[in-house]
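Following: one structure in structure tokens, then a few remarks.
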Amino acid sequence: MNTSVRIAPGLVLKNPVLSASGTFAYGEEFSRLFDLGLLGGIVTKGLSLDPKEGNPLPRVYETPCGLINAIGLENIGADAFISGKLPELRSFGTPVIVNFFGSSEEDYALLASRLDVNGIAAIEMNVSCPNVKQGGLEFGRDPEVLFRLTGAVRARTGKPLIVKLTPMVSDIGAMAQAARAGGADAITCANTIPAMAIDEHTWRPVLGNVTGGLSGPAIKPVALKLVWEVSKKVDIPIIASGGACTWNDCVQFLLAGASAVEIGSASLRDPLCFTDIITGIEHYLESRGLDSVTDLIGKLETP
Amino acid sequence: MNDVQAVVKGNRAVARDTFLMDLDCALEPSLPGQFLMVKVSSARELFLRRPLAILGQGEGTLEILYKLKGEGTLELSRKKPGDVLWVLGPLGNCFSPPQNGESALFVAGGTGLPPVLALASRIGSGALVIGARSKGDIPLLDRMNSLKGVAVYPVTEDGSLGRRGMATDVLGELLAGAAGPCAVYACGPRGMLEKACELSGVAAARCEVSLEEYMACGFGVCSACTVKTSAGPRRVCSNGPVFDAATIAWGAR
């Protein structure tokens with residue numbers, strides 16, 4: 001049985017199960033729990049050029065079937081990651097995909113060139129960040145801006161480039177096309193959904209940042225539909241991200257058109273879920289008499 | 001740290017909105033101050049685990065003391081003997097024992113009793129100040145009083161048990177009257193911890209606090225519980241929950 005999937009030239013995953021940015025830190029903590037080499041790939045916490053402190057507390061709040069987070073992209077910065085975290089992370093024998101973000105096109109491009117080092121298998125660009133020069137509108141909300149940003153980053157890196165889209169657009173297929181036209185090798189679909197929580201006793205917002213992003217199984221049906229939409233518009237591989245907790249969820253995302261699935265919030269609740277998910281997919285393939293996980297990708301039968 | 005199955009043996013109210021749960025559970029040995037992430041429901045609706053301090057651990061047994069705070073702890077309070085939970089732990093660091101002849105002063109308020117009582121039980125000497133709104137809010141008073149070398153000082157805001165006032169009022173007096181060096185161990189509301197830190201500073205006593213913050217993972221990956229310290233940002237779950245109080249940037253949050 002073949003569980004491997006191809007995401008980009010030079011980026012083949014041994015199975016379609018990845019960690020997700022922001023719920024896996026830089027891998028150290030999980031490496032004490034299970035062999036990271038079992039994963040299809042490791043997606044790191046989002047990095048910026050300089051270290052970032054993040055938002056005031058509280059930063060998380062549970063909601064039914066999920067959570068709202070406003071961590072604020074706290075991270076140690078690209079240089080500290082490359083010198084301090086990457087050497088161990090790359091030793092697990094699975095591709096290291098580095099998530100990154102910036103506040104201007106120049107930031108993104110400079111950071112992409114900084115990440116063009118040995119041991120990083122691919123880079124995943126978070127475009128759900130405010131574009132300071134455009135009055136704070138997120139890069140991923142305007143196809144023209146996203147096209148230019150992707151092109152600028154493409155020009156500065158030899159790594160496979162994955163663009164992680166925001167769900168907060170009216171036509172996500174058009175955004176995927178813009179990213180593809182700019183030179184993206186693959187699309188991650190999608191990201192958290194903007195949300196908030198209010199304390200009715202104090203009349204105040206729960207989160208220190210007032211608003212945050214909703215994740216977890218609550219958003220899975222939304223993510224499933226977004227993946228399906230994107231798969232109809234672009235021919236490059238899609239990585240699903242949004243509430244997958246089980247092998248069943250992963251199979252559904254594959255059928256909708258994803259080539260791989262990131263496991264995010266579920267790993268906060270069940271840090272050992274990855275191995276169950278991977279073996280669950282294998283057993284499913286076996287039970288259906290399928291030779292390859294690619295036999296599932298985009299095979300949704302619609303009326 | 002491991003994710004292990006725990007079987008509920010007992011679960012009973014021991015004070016207002018406060019429950020004591022006994023579990024059969026083969027967790028690795030823990031130290032006072034460490035905690036668990038408890039999956040209160042196998043249904044995904046209650047999505048996150050709940051961080052709960054370890055009150056006691058025996059051969060294959062665990063004890064947790066928790067206060068009803070929301071849906072998660074309410075669900076926990078409904079567990080019956082024989083019900084199964086998953087607990088991830090032991091997590092976080094622990095208190096450091098008294099050094100160089102220090103006398104231990106334990107201070108607990110609100111939901112802060114479990115790690116402090118776990119430590120007082122282990123050390124077995126010193127003074128324990130337990131602060132609460134009212135008499136009915138104080139659990140396990142008999143157990144505290146049975147600690148032979150530990151003098152127990154209940155303090156209530158309404159004066160219904162022990163002194164009327166705040167736990168830190170008594171802490172201040174104990175520090176002022178101490179004959180030798182002291183180590184203060186505190187867990188409870190942030191205001192209480194900040195005051196304990198201030199009083200310890202004045203008395204040149206060492207002060208360790210166990211912090212509580214909202215957290216999602218409990219083992220250092222999500223950065224939800226990052227606090228500011230003089231040594232930079234620190235995660236309560238994995239760098240703490242116990243910190244040298246003097247390093248905490250109390251004003252920043």
Side-chain angles (χ1 to χ4, degrees), chain A residues 19-34 44-46 51-76 197 206-208 212 214-218 220 243 245-246 249 264-273, chain B residues 1-5 28 37-51 69-75 85-92 190 211-229 232-239 248-253:
Chain A
S19 65
S21 163
T23 50
F24 209 76
Y26 312 105
E28 290 158 286
E29 293 81 5
F30 278 95
S31 73
R32 287 178 224 128
L33 282 168
F34 71 96
T44 69
K45 184 158 184 51
K52 199 166 185 292
E53 272 201 351
N55 287 328
L57 272 54
R59 292 177 171 185
V60 292
Y61 187 69
E62 184 190 68
T63 55
C65 298
L67 67 146
I68 307 175
N69 90 77
I71 306 297
L73 297 169
E74 179 186 319
N75 78 94
I76 58 172
V206 172
L207 296 172
L214 179 65
S215 66
K220 195 208 78 182
C245 295
T246 61
D249 295 335
S265 303
S267 62
L268 302 178
R269 170 182 164 91
D270 283 311
L272 295 167
C273 68
Chain B
M1 117 176 108
N2 269 307
D3 192 15
V4 293
Q5 211 175 43
E28 291 166 32
M37 288 299 277
V38 180
K39 195 197 279 183
V40 296
S41 168
S42 57
R44 276 179 263 172
E45 186 177 350
L46 286 171
F47 192 70
L48 297 175
R49 295 185 186 224
R50 296 317 193 252
K69 283 282 177 185
E71 289 177 57
T73 44
L74 183 64
E75 177 67 21
L85 298 170
W86 285 87
V87 302
L88 184 72
L91 300 166
R190 197 175 166 93
L211 300 182
E212 296 178 293
E213 292 292 351
Y214 278 106
M215 47 183 75
C217 67
F219 58 100
V221 300
C222 75
S223 298
C225 60
T226 306
V227 291
K228 294 192 170 81
T229 75
R234 287 289 180 271
R235 291 159 293 180
V236 169
C237 69
S238 56
N239 301 122
I248 302 294
W250 293 103
R253 196 151 180 275

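Letters go in sequence order (proteins before strands), and every chain restarts at 1.
- Taking the side chain as every heavy atom from C-beta outward, A:L268 and B:R49 never approach each other to under 4.5 Å.
- Sparse packing is recorded around CD of A:E53, with 12 or fewer heavy atoms of other residues, nucleotides or ligands lying under 6.0 Å away.
- Proximity of a side-chain donor or acceptor of A:E29 to a complementary backbone N or O of B:V221 within less than 3.5 Å is not detected.
- Within 6.0 Å of the CD atom in B:E75, the count of heavy atoms belonging to other residues, nucleotides or ligands exceeds 12.
- In this structure, CG on A:L33 lies 8.5 Å from CG on B:D3, to the nearest 0.5 angstrom.
- Salt bridge status for B:R235 with A:E74: absent, with no side-chain N to carboxylate O gap under 4.0 Å.
- Within the 3.5 Å criterion, the main-chain N or O of B:K39 finds no donor-acceptor partner in the side chain of A:R269.
- Of all the listed residues (B:C222, B:C225, B:S238, B:P233), the one sharing the greatest number of non-hydrogen pairs under 4.5 Å with chain A is B:C222.
- For the pair B:E213 and A:R59, the minimum side-chain heavy-atom distance is 4.5 Å or more.
- In this structure the side chain of A:D270 never reaches within 4.5 angstrom of the side chain of B:W86, judged on heavy atoms.
- Nearest heavy-atom pair, B:R44 versus A:D249, reported as atom, atom and distance to 0.1 Å: NH1-OD2, 3.6 Å.
- No more than 12 heavy atoms of other residues, nucleotides or ligands lie within 6.0 Å of OH in A:Y61, so this atom counts as exposed by the packing criterion.
- Put simply, of B:S223, B:A216, B:A43, the one with the most heavy-atom pairs under 4.5 Å next to chain A is B:S223.
- With a 4.5 Å cut-off on side-chain heavy atoms, A:P271 and B:L88 count as touching.
- Taking every heavy atom of both residues into account, A:A25 and B:G220 meet most closely at CB-O, 4.2 Å.
- The minimum heavy-atom distance linking B:F47 with A:P217 is given by the pair CE1-CD, 3.2 Å.
- Minimum interatomic distance between A:S267 and B:F219 (heavy atoms only, all atoms of both residues): O-CZ, 3.9 Å.
- Minimum interatomic distance between B:Y214 and A:P58 (heavy atoms only, all atoms of both residues): CD1-CB, 3.5 Å.
- Looking at B:M215, the atoms closer than 4.5 Å to chain A (heavy atoms on both sides) all sit in the backbone: N, CA, C or O.
- Residue A:T63 touches chain B through its backbone alone, counting heavy-atom pairs closer than 4.5 Å.
- Taking every heavy atom of both residues into account, A:L57 and B:A224 meet most closely at CG-O, 3.8 Å.
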